[in-house]
Amino acid sequence: MTQPTSQSSALSVQDLVDTAAGELAGINDTESLEAWRVAYLGRRGRLTLFLRGLAQLDLEERRVAGAMGNQAKGRLEELLDERSKSIREAQLTRSASEDRLDVTLPGRPLVSGRLHPTTQIVREICNAFMTMGFSVVEGPEVETDHYNFEMLNIPLGHPARDMWNTLWVDQQNEDGQYPLLLRTHTSPMQARVMESTRPPVRVVVPGKCYRYEATDATHEWHFYQVEGLAVDEGITFADLKGTLFEFARRLFGSDRKVRFRCDYFPFVEPGVDMSIDCFACDGEGSGCRICRDSGWIEIMGAGMVHPKVLAGVGYDPEKYTGFAFGLGPERIAMLKYGIEDIRLFYSNDLRFLSQF
Ligand code: FA5
């Protein structure tokens with residue numbers, strides 16, 4: 001067998017470059033390009049094997065043939081690079097003309113959020129009172145014992161504290177008191193508002209309340225209230241009834257029945273509760289689990305502001321009188337929309353929430 005020489009190598013390497021370049025000219029896709037690269041420049045490619053074969057030449061021949069081999073390798077890599085660029089450009093041009101945006105396709109529907117039913121009803125309630133001259137203020141959910149009870153004529157040890165099962169935030173202090181709590185009603189804002197304003201006062205206070213109590217169809221442990229307070233010279237119980245009747249008419253229409261009954265709250269005198277006839281049994285009562293057989297659903301407590309509360313904030317009870325009320329928006333929404341269980345409001349079931 002004849003030994004290869006640098007001369008014969010030069011001929012075969014030139015052949016190899018020509019053949020490779022010829023094949024490359026006919027390639028138009030990336031898969032074939034990769035196959036070409038493997039065939040010539042891969043680990044077992046034709047040029048790679050040629051370069052390995054040079055090891056059999058003597059030193060001088062190997063030097064000359066090696067230089068030619070490396071030159072050929074550089075040339076093939078250069079050709080590969082050019083071809084790869086032109087294939088990519090051709091692909092881009094093709095996709096720009098073929099994959100055009102079809103503006104006639106129907107659009108994807110936008111999923112839009114909506115307000116929670118409680119937010120909607122709270123706004124509706126506040127709007128009803130705003131059109132009657134009330135302004136809206138808000139207060140803290142973490143309250144002090146002082147405002148939640150003391151300023152409302154409910155001192156420590158008063159049995160009426162049991163009416164509001166309280167969630168305490170703080171540890172008992174040296175005086176045996178728990179100064180911080182989650183407000184059990186929005187009434188603490190009565191004193192806060194009066195302390196910072198002079199009469200006439202006309203405000204509604206929407207906000208969240210918390211009570212440590214068992215839940216059922218009409219009771220949650222956290223719920224909203226809207227407090228109302230009007231104080232001025234010469235305000236009477238007739239103003240209270242007139243305002244609340246008008247409120248009920250605006251929210252429920254004139255067909256719903258409204259009932260006032262005497263009730264006790266230490267911060268009003270006299271005190272009442274206001275109820276609307278039950279939507280589930282139409283006020284029939286018997287066997288109705290919503291109104292617990294009574295035919296009525298209580299929506300608020302109300303009354304004439306107690307003289308001690310007025311005096312406590314520095315108002316002269318001989319000069320000023322006023323009325324206050326605290327209503328439950330979820331109960332009002334239940335009546336308005338026929339919702340049978342208050343717990344649906346906060347169980348985050350989208351099938352329920354998306355109906356509003
Ligand atoms: C009070 O909380 C008094 N602060 C209301 C008040 C204000 C009276 C001003 C006089 C003057 P009561 O506990 O009854 O009262 O609650 C008032 C309203 O809040 C109820 O009529 C009801 O609509 C709503 N409510 C009370 N407890 C719950 C509860 N657990 N779940 C849902 N709503 C409730």
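No hydrogens, no waters, no symmetry mates; every other heavy atom, side chains included, goes into these values. Order of listing sets the numbers, starting from 1, for every ligand and every atom in it.
- Side chain of E227 to main chain of S187: a donor-acceptor pair is present (N/O by atom type, distance under 3.5 Å, no hydrogens or angles).
- Within the 4.0 Å heavy-atom criterion, neither part of M163 lies near ligand 1.
- At distances below 3.5 Å, at least one donor-acceptor pair connects side-chain atoms of E330 with backbone N or O atoms of Y224.
- Looking only at side-chain heavy atoms (C-beta outward), P117 and F345 come within less than 4.5 Å of each other.
- Taking all heavy atoms of G326, G271, A302 into account, the minimum distance to atom 7 (C) of ligand 1 is reached by G326.
- Distance alone, capped at 3.5 Å, is enough to place a donor-acceptor pair between the N153 side chain and the P266 backbone.
- Protein heavy atom in closest approach to atom 9 (C) of ligand 1: E227 OE2, 3.4 Å.
- Ligand 1 has no atom lying under 4.0 Å from any heavy atom of W221.
- Shown in contact with R211 at under 4.0 Å from a heavy atom are these atoms of ligand 1, numbered in order with element: 1 (C), 2 (O), 12 (P), 13 (O), 16 (O), 26 (C), 27 (N).
- Summary of contacts: the protein heavy atom closest to atom 15 (O) of ligand 1 is F265 CE2, 3.4 Å.
- Of the protein's heavy atoms, E220 N, 3.0 Å lies nearest to atom 31 (N) of ligand 1.
- Side chain of D282 to backbone of E284: no donor-acceptor contact under 3.5 angstrom is found.
- H219 contributes no side-chain N or O that, together with a main-chain N or O of R343, makes up a donor-acceptor pair within less than 3.5 Å.
- Taking distance alone, with nitrogen or oxygen atoms compared against 3.5 Å, S187 approaches ligand 1 more closely than that limit.
- Put simply, the side chain of R183 gets close to the backbone of K208: a donor and an acceptor are under 3.5 Å apart.
- Contacts between V268 and ligand 1, counted as non-hydrogen atom pairs separated by less than 4.0 Å, involve the side chain only.
- A distance-only check finds no donor-acceptor pair linking the side chain of T215 to the backbone of W221 [under 3.5 Å].
- Residue contact check: Q190 has heavy atoms under 4.0 Å from atoms 9 (C) of ligand 1.
- The contact set between ligand 1 and M300, taken as ligand atoms under 4.0 Å from a residue heavy atom, comprises 21 (O).
- With a 4.5 Å cut-off on side-chain heavy atoms, I332 and F252 count as touching.
- At a 4.0 Å heavy-atom cut-off, ligand 1 touches I342 through the side chain alone.
- Annotation for ligand 1: atoms under 4.0 Å from non-hydrogen atoms of T218 are 31 (N), 32 (C).
- Nearest protein heavy-atom neighbour of atom 30 (N) of ligand 1: E213 OE2, 2.6 Å.
- Ligand 1 places these atoms under 4.0 Å from at least one heavy atom of W164: 1 (C), 2 (O), 13 (O).
- Counting only distance, with no hydrogens or angles, the side chain of N165 and the backbone of R211 share no donor-acceptor pair below 3.5 Å.
- Although no hydrogens or angles enter the test, the distance criterion places a donor-acceptor pair under 3.5 Å between the side chain of R114 and the main chain of F356.
- Heavy-atom contacts of I299 reach the following atoms of ligand 1: 21 (O), 23 (O) (cutoff under 4.0 Å).
- Looking at E330 against ligand 1, nothing comes within 4.0 Å, counting heavy atoms.
- Looking at heavy atoms from C-beta onward, M300 lies out of side-chain contact with V272 at the 4.5 angstrom threshold.
- Using a 4.0 Å cutoff on heavy atoms, F267 counts as a contact of ligand 1.
- Here the protein heavy atom with the shortest distance to atom 24 (C) of ligand 1 is G328 CA, 3.8 Å.
- Every heavy atom of I332 sits 4.0 Å or more from the atoms of ligand 1.
- In this structure, a donor-acceptor pair under 3.5 Å is present between the side chains of D29 and S32.
- Among protein heavy atoms, the minimum distance from atom 33 (N) of ligand 1 is reached at F223 CD1, 3.5 Å.
- In terms of protein heavy atoms, atom 20 (C) of ligand 1 is closest to E298 OE2, 3.5 Å.
- Looking from atom 16 (O) of ligand 1 to the surrounding protein, the closest heavy atom is Q225 NE2, 3.2 Å.
- Remark: ligand 1 atoms within the under-4.0 Å shell around heavy atoms of A324 are 9 (C), 11 (C).
- Residues F129 and V204 form a side-chain contact, since some pair of their non-hydrogen atoms from C-beta on lies under 4.5 Å apart.
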